[in-house]
*Asks:* 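Got a structure here, written out as structure tokens. Questions coming.
Within every chain, numbering begins at 1; the chains are lettered A, B, ... in the order of the sequence lines, protein sequences first and strands thereafter. On a predicted model such as this, the values are computed, not experimentally measured, just so you know.
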Amino acid sequence: MKQHLTHLIEEALDSLVKQGLLSSSLASIQIEATKDHQHGDFACNIALMLAKSVKQKPQDFAAKIVAAMPASPYVEKIAIAGPGFINFFLSTQSVGEVVKRIHAERNQFGRCAIGRKKRVLVEFVSSNPTGPLHVGHGRHAAFGNIVCHLLDAIGFDVASEYYVNDAGRQIDILTVSVWLRYLNALGESVPFPANAYRGEYVVTIAETIKKEHNASFAVSSQSIFTDLPKDENEGGDKELYIDAVIERAKQLLGAKYQLLLDRGLASILADIENDLTEFGVTFDRWFSEREFIATGVVDALLQKLMLSGHTYELEGATWFRSTNFGDEKDRVLVRSNGVRTYFANDIAYHLSKFERGFDLAVDIFGADHHGYVERMRGAITASGIDSERLIYLLTQFVSLYRSGKPVSMSTRAGDFVTLRELRQEVGNDAARFFYVMRKVNQHIDFDLDLAKSQSNDNPIYYVQYAYARICSVLKQLEARGLQYNEENGLANLHCLEEIHERQLLNLLARYPETIVEAAVHYEPQILTQYLRDVAACFHAYYNAHSFLVEVVSVRDARLALVLALRQVLQNGFEILGIHARESM
RNA sequence: GCGCCCGUAGCUCAGUCGGAUAGAGCAUCGGCCUUCUAAGCCGAGGGUCAGAGGUUCGAAUCCUCUCGGGCGCGCCA
């Protein structure tokens, strides 16, 4: 419809050019849906934009445009209002057309092909496998998953990946944490390092290992702790101390150290994957940093960067001159001890994404990584790849509120809330909806009481209830022994003349552009907001009018409308990954 | 100190490409159930869009500065 109206304006402008009233019709014509129904269904601001160049009052020029416009079967009335807007009032018949379209396209309604099958890789969560996911990761999971669905809906070829950071020092810390808890479970009395992972899950893993392997990882407490530096609580450095414990563990366990490491890692990854799967979030690939390094392609990929002339040697280390790309200081790629940094491996990983044929790489990270973005983009540019192809989306933090008070989530105190606990408390649907209801770069105050409440205050119940109510109407139809005739409904759309019906029809027509808007900006909250609007419109309609009226033509037309709405709700829910419930 | 993000009603937040009188919900107050679910609807009050300049037909939206809040500034990951 927008296209049609744009075309009408174009013809009017062309005609004015021919009359010599306008020098050029080259203007970007903006047609927008009105906010207020008194302004008709669509409005155009073209007269306001061109008024200056033709040296006329916008209202006068608008009148000339309207006079030059060809007649259209869809347009019932055209009015000039306000400072010079041209308002289009459509016929009931043409507004109702959207219902036919929805009935024809079903679950395809709202999908389009503007992504042109371009390949996009979305990387998200990528949480270090050192413990269970917490509520912050949940936001990444929900957001990333929904961004994938949105991009798919507009015709991108989407793949998702979880980068498993299983090669670094923190895995060693996990391993000794598990080991010390294991020794504890065997009855050894061992001090627990200040910098080790203190969570209860470590104890659980240790106990499992004890059951599986008995005492095969046992050593005497004395052999571990002789001649170690002081830990933090003894006035020492916790970093130096934990590194010394790691070294000692490797010495004492030999080849068995790797066994222990693998066991702990596998256990945590399994937990993470299980948690995400239950949450409805799956990945096309779990990309292991360790395996990636083992293939040997990391050095080959980094060669691109090395050959760019943007790297140099200093004090035994290899540096990337990221200051050439706006970074505040240069960054180390290879440490003086010969070990590559996380950054170097990550550059190789990102280069591999483009090497593997992806046109676009979308990374979803926490806002605490923002300092990292610039140097990665620099490295990509230096390697000869257009950094426009790398998109970073940074999420802000999530705070939980219960009874109006913030829930303490200090990791140190061991009382941080896991994603699993949150899901169990409020349910997957509410968690997903609440996570993406806010702009990604805005802090979330997650109200647990609200997410659980079964009331109109709760947005997730509000939208699901709209769906359930429509289902309920259909059950009622059956209970009264009535039949719905779709063909008759679609033939009588001109009966939908109530103001609520007009508003609902216009909203339904906006669903496809809402999806495009949400997808291209990576903003799912545009969709959640739309669903809340459409639900509010429906509830008002429901309250104002009966659907199951005596007059068959009106009844069938109304049912055709609410069934179209049900389809749109279902399509939106599908993208959000929430359930369409038939009853509440 | 430097960099990034944020600041909209008492509270939590919408506000599309710069458009018409800045909108919802909660809370407060007042209505609506012989009815397809009242888990809902309708109405009232409530605003210096943090502040000051600028850009223009028009600014919550774009630019500059100031104030306030969050985050980041490792040969960690």
Side-chain angles (χ1 to χ4, degrees), chain A residues 28 30 32-36 38-39 43 45 47-52 57-58 81-85 87 126 128 130 165 167-171 239 289 314-319 326-329 331-337 339-343 345-346 366-374 394 396-397 401 404 437-439 441-445 447 450 453-459 461-462 464-466 468-477 479-480 510 513-514 516-518 521 523 525-526 528-530 532-533 536 538-549 558 562 583-584:
Chain A
S28 65
Q30 298 171 19
E32 60 180 23
T34 55
K35 289 174 188 163
D36 185 338
Q38 290 176 7
H39 299 141
N45 62 358
L48 292 160
M49 294 173 72
L50 294 178
K52 200 179 185 186
K57 283 186 181 172
F85 288 99
N87 292 337
S126 295
N128 285 343
T130 55
N165 188 224
R169 172 171 171 264
Q170 78 286 346
I171 298 300
E239 305 287 350
E289 181 183 15
L314 180 72
E315 293 168 359
T318 306
W319 296 71
D327 200 359
E328 53 200 24
K329 58 170 291 190
R331 307 291 170 174
V332 171
L333 295 171
V334 184
R335 301 184 185 98
S336 47
N337 65 8
V339 178
R340 274 189 311 266
T341 58
Y342 166 84
F343 179 45
N345 287 333
D346 203 29
D368 53 340
H369 282 74
H370 73 249
Y372 189 73
V373 172
E374 204 144 31
L394 302 181
Q396 287 290 342
F397 298 138
Y401 281 75
M437 211 165 52
R438 304 280 171 248
K439 271 200 193 105
N441 56 8
Q442 262 175 12
H443 190 102
I444 293 182
D445 288 331
D447 186 334
L450 179 61
S453 82
Q454 306 211 338
S455 75
N456 56 330
D457 324 348
N458 184 349
Y461 272 82
Y462 190 76
Q464 285 182 320
Y465 181 41
R469 259 190 163 169
I470 297 169
C471 296
S472 172
V473 169
L474 295 180
K475 282 178 205 144
Q476 189 64 30
L477 177 83
R480 293 187 194 178
R510 293 179 64 178
E513 66 197 72
T514 301
V516 171
E517 200 67 31
H521 292 121
E523 293 190 3
Q525 93 284 353
I526 291 176
T528 56
Q529 189 65 33
Y530 171 84
R532 295 169 72 178
D533 288 345
F538 169 75
H539 288 307
Y541 177 34
Y542 178 96
N543 200 255
H545 301 282
S546 261
F547 307 152
L548 303 181
V549 292
R558 288 181 175 174
V562 298
S583 66
M584 301 303 286

*Asks:* Between the base of B:rG72 and the side chain of A:H369, is there a donor-acceptor distance below 3.5 Å?
*Replies:* no
*Asks:* In terms of side-chain heavy atoms of A:Q442, which of B:rA38, B:rC6, B:rG72 is nearest?
*Replies:* B:rC6
*Asks:* Would you say A:Y462 places a side-chain N or O within less than 4.0 Å of OP1 or OP2 belonging to B:rC41?
*Replies:* yes
*Asks:* Enter syn or anti for the glycosidic conformation of B:rC5, syn applying to angles within 90° of 0.
*Replies:* anti
*Asks:* Please report, rounded to the nearest Å, how far the C1' atom of B:rU56 is from the CG atom of A:N45.
*Replies:* 14 Å
*Asks:* Taking the same atom, C1', in B:rU21 and in B:rG58, what whole-Å distance lies between them?
*Replies:* 15 Å
*Asks:* Round to the nearest Å and state the distance from A:R532 atom CZ to B:rG15 atom C1'.
*Replies:* 13 Å
*Asks:* Please answer whether B:rG70 and A:H443 are stacked, defined here as ring centres separated by less than 5.5 Å and planes angled under 30°.
*Replies:* no
*Asks:* Is A:A317 touching bases, backbone alone, or none of the nucleic acid, heavy atoms closer than 4.0 Å?
*Replies:* base
*Asks:* Can you check whether A:R469 reaches A:V562 side chain to side chain, under 4.5 Å on heavy atoms?
*Replies:* no
*Asks:* Can you give the dot-bracket line for RNA chain B, where a pair is Watson-Crick or G-U wobble with both atom distances under 3.5 Å, crossing pairs use [ ], and | marks a partner on another strand?
*Replies:* (((((((..((((.....[...)))).(((((.......))))).....(((((..]....))))))))))))....
*Asks:* Using the C1' atom in both, what is the distance from B:rU61 to B:rG23, to the nearest Å?
*Replies:* 15 Å
*Asks:* Can you tell me how far the CG atom of A:L333 sits from the OG1 atom of A:T318, to the nearest 0.5 Å?
*Replies:* 6.5 Å
*Asks:* With hydrogens left out and only the distance checked, is there a donor-acceptor pair under 3.5 Å joining A:N87's side chain and the base of B:rA20?
*Replies:* yes
*Asks:* State the CE-OG1 distance between A:M437 and A:T528, to the nearest 0.5 angstrom.
*Replies:* 7.0 Å
*Asks:* Taking syn as a glycosidic torsion within 90° of 0 and anything else as anti, which one is B:rC33?
*Replies:* syn
*Asks:* What's the closest nucleotide to the side chain of A:A540 if the choices are B:rA38, B:rC76, B:rC41?
*Replies:* B:rC41
*Asks:* Should A:H521 be listed as having a side-chain N or O under 4.0 Å from OP1 or OP2 of B:rC17?
*Replies:* yes
*Asks:* Nearest 0.5 Å, please: how far is OG1 in A:T514 from CD1 in A:I526?
*Replies:* 8.0 Å
*Asks:* Relative to the ring of A:Y342, is the ring of A:Y372 parallel (under 30°), tilted (30 to 60°) or perpendicular (over 60°)?
*Replies:* tilted
*Asks:* Would you tell me if any nitrogen or oxygen in the side chain of A:N441 comes within less than 4.0 Å of OP1 or OP2 on B:rC6?
*Replies:* yes
*Asks:* Using OP1 and OP2 only, check whether a side-chain N or O of A:R438 sits under 4.0 Å from B:rC5.
*Replies:* no
*Asks:* Measuring from the side chain of A:S546 (C-beta onward, heavy atoms only), which nucleotide among B:rA20, B:rC36, B:rU16 has the closest atom?
*Replies:* B:rC36
*Asks:* Distance check needed: B:rA24 P versus A:L450 CG, whole Å only.
*Replies:* 19 Å
*Asks:* When all nucleic acid strands are considered with a 4.0 Å heavy-atom cut-off, which category describes A:H39: base, sugar-phosphate, or nothing?
*Replies:* base
*Asks:* Can you tell me how far P of B:rG72 sits from CZ of A:F343, to the nearest Å?
*Replies:* 19 Å
*Asks:* Whether the side chain of A:D368 and the base of B:rG72 hold a donor-acceptor pair under 3.5 Å is what I'd like checked.
*Replies:* no
*Asks:* Any side-chain N or O of A:K329 below 4.0 angstrom from OP1/OP2 of B:rC75?
*Replies:* yes
*Asks:* Looking only at atom C1', what distance separates B:rC5 and B:rC17, rounded to whole Å?
*Replies:* 23 Å
*Asks:* From B:rA20, B:rA77, B:rG72, pick the nucleotide closest to the side chain of A:P83?
*Replies:* B:rA20
*Asks:* Could you check whether A:F85 and the base of B:rA20 form a stacked pair, meaning centres closer than 5.5 Å and planes differing by less than 30°?
*Replies:* yes
*Asks:* Going from CD1 on A:I444 to CZ on A:R438, what distance comes out if it is rounded to the nearest 0.5 angstrom?
*Replies:* 7.5 Å
*Asks:* Quick one: pull up CZ in A:R558 and OH in A:Y542 and give me the separation to the nearest 0.5 Å.
*Replies:* 13.5 Å
*Asks:* I want to confirm an ordering. Mapping A:Y542 and A:Q529 to their closest nucleotides on RNA chain B, which one lands closer to the 5' end?
*Replies:* A:Q529
*Asks:* Classify the nucleic acid contact of A:R558 as base, sugar-phosphate or nothing, counting any heavy atom under 4.0 Å across all strands shown.
*Replies:* nothing
*Asks:* Could you give the CG-to-P distance, from A:N543 to B:rA39, as a whole number of Å?
*Replies:* 12 Å
*Asks:* With P as the reference atom in both, quote the distance from B:rG47 to B:rC11 in angstrom, rounded to an integer.
*Replies:* 13 Å
*Asks:* When the C1' atoms of B:rC76 and B:rC63 are considered, how many whole Å apart are they?
*Replies:* 39 Å
*Asks:* Going by an N to O cut-off under 4.0 Å, is there a salt bridge joining A:R331 and A:E374?
*Replies:* no
*Asks:* Kindly point out which of B:rA20, B:rC71, B:rA77 is positioned nearest to the side chain of A:Q170?
*Replies:* B:rA77
*Asks:* Between B:rA59 and B:rU8, how far apart are the C1' atoms? Round to whole Å, please.
*Replies:* 14 Å
*Asks:* Can you tell me which nucleotide in B:rC17, B:rC76, B:rU12 comes closest to the side chain of A:Q30?
*Replies:* B:rC17
*Asks:* In terms of side-chain heavy atoms of A:E315, which of B:rG72, B:rC75, B:rU16 is nearest?
*Replies:* B:rC75
*Asks:* Among B:rU16, B:rC73, B:rA77, which nucleotide sits nearest the side chain of A:R335?
*Replies:* B:rA77
*Asks:* Map A:L394 and A:S583 onto RNA chain B by nearest heavy atom, then report which one ends up closer to the 5' terminus.
*Replies:* A:L394
*Asks:* Between B:rG15 and B:rA24, how many Å separate the two P atoms, rounded to a whole number?
*Replies:* 15 Å
*Asks:* Quick one: does any side-chain atom of A:H539 pair with a main-chain N or O of A:Y462 as donor and acceptor, under 3.5 Å?
*Replies:* yes
*Asks:* For a quick test of reading the model: is some side-chain N or O of A:K439 closer than 4.0 Å to OP1 or OP2 of B:rG15?
*Replies:* yes
*Asks:* With a 3.5 Å cut-off and heavy atoms only, can you find an N or O donor on one side and an acceptor on the other between the side chain of A:T341 and the base of B:rC75?
*Replies:* no
*Asks:* Within this structure, what is the CG-NE2 distance for the pair A:L394 and A:H369, rounded to the nearest 0.5 Å?
*Replies:* 9.5 Å
*Asks:* So which nucleotide from B:rU12, B:rG15, B:rG3 ends up closest to the side chain of A:Q525?
*Replies:* B:rG15
*Asks:* Report the distance from atom CG of A:L477 to atom P of B:rC36, rounded to the nearest whole Å.
*Replies:* 13 Å
*Asks:* Starting from C1' on B:rG58, measure out to CE on A:M49 and report it in whole angstrom.
*Replies:* 12 Å
*Asks:* Between A:F547 and A:F538, how do the two ring planes meet: parallel, tilted or perpendicular, split at 30° and 60°?
*Replies:* tilted
*Asks:* Distance between the C1' atoms of B:rG18 and B:rU56, in whole angstroms?
*Replies:* 10 Å
*Asks:* For a quick check of understanding: with a heavy-atom distance under 4.0 Å over all strands, which category does A:A43 fall into, base, sugar-phosphate or nothing?
*Replies:* base
*Asks:* Is any side-chain heavy atom of A:V332 closer than 4.5 Å to a side-chain heavy atom of A:F343?
*Replies:* no
*Asks:* Any idea which of B:rC36, B:rA20, B:rC17 is nearest the A:E517 side chain?
*Replies:* B:rC17
*Asks:* Give the rounded distance in Å between these two atoms: CG of A:N458 and P of B:rU12.
*Replies:* 18 Å
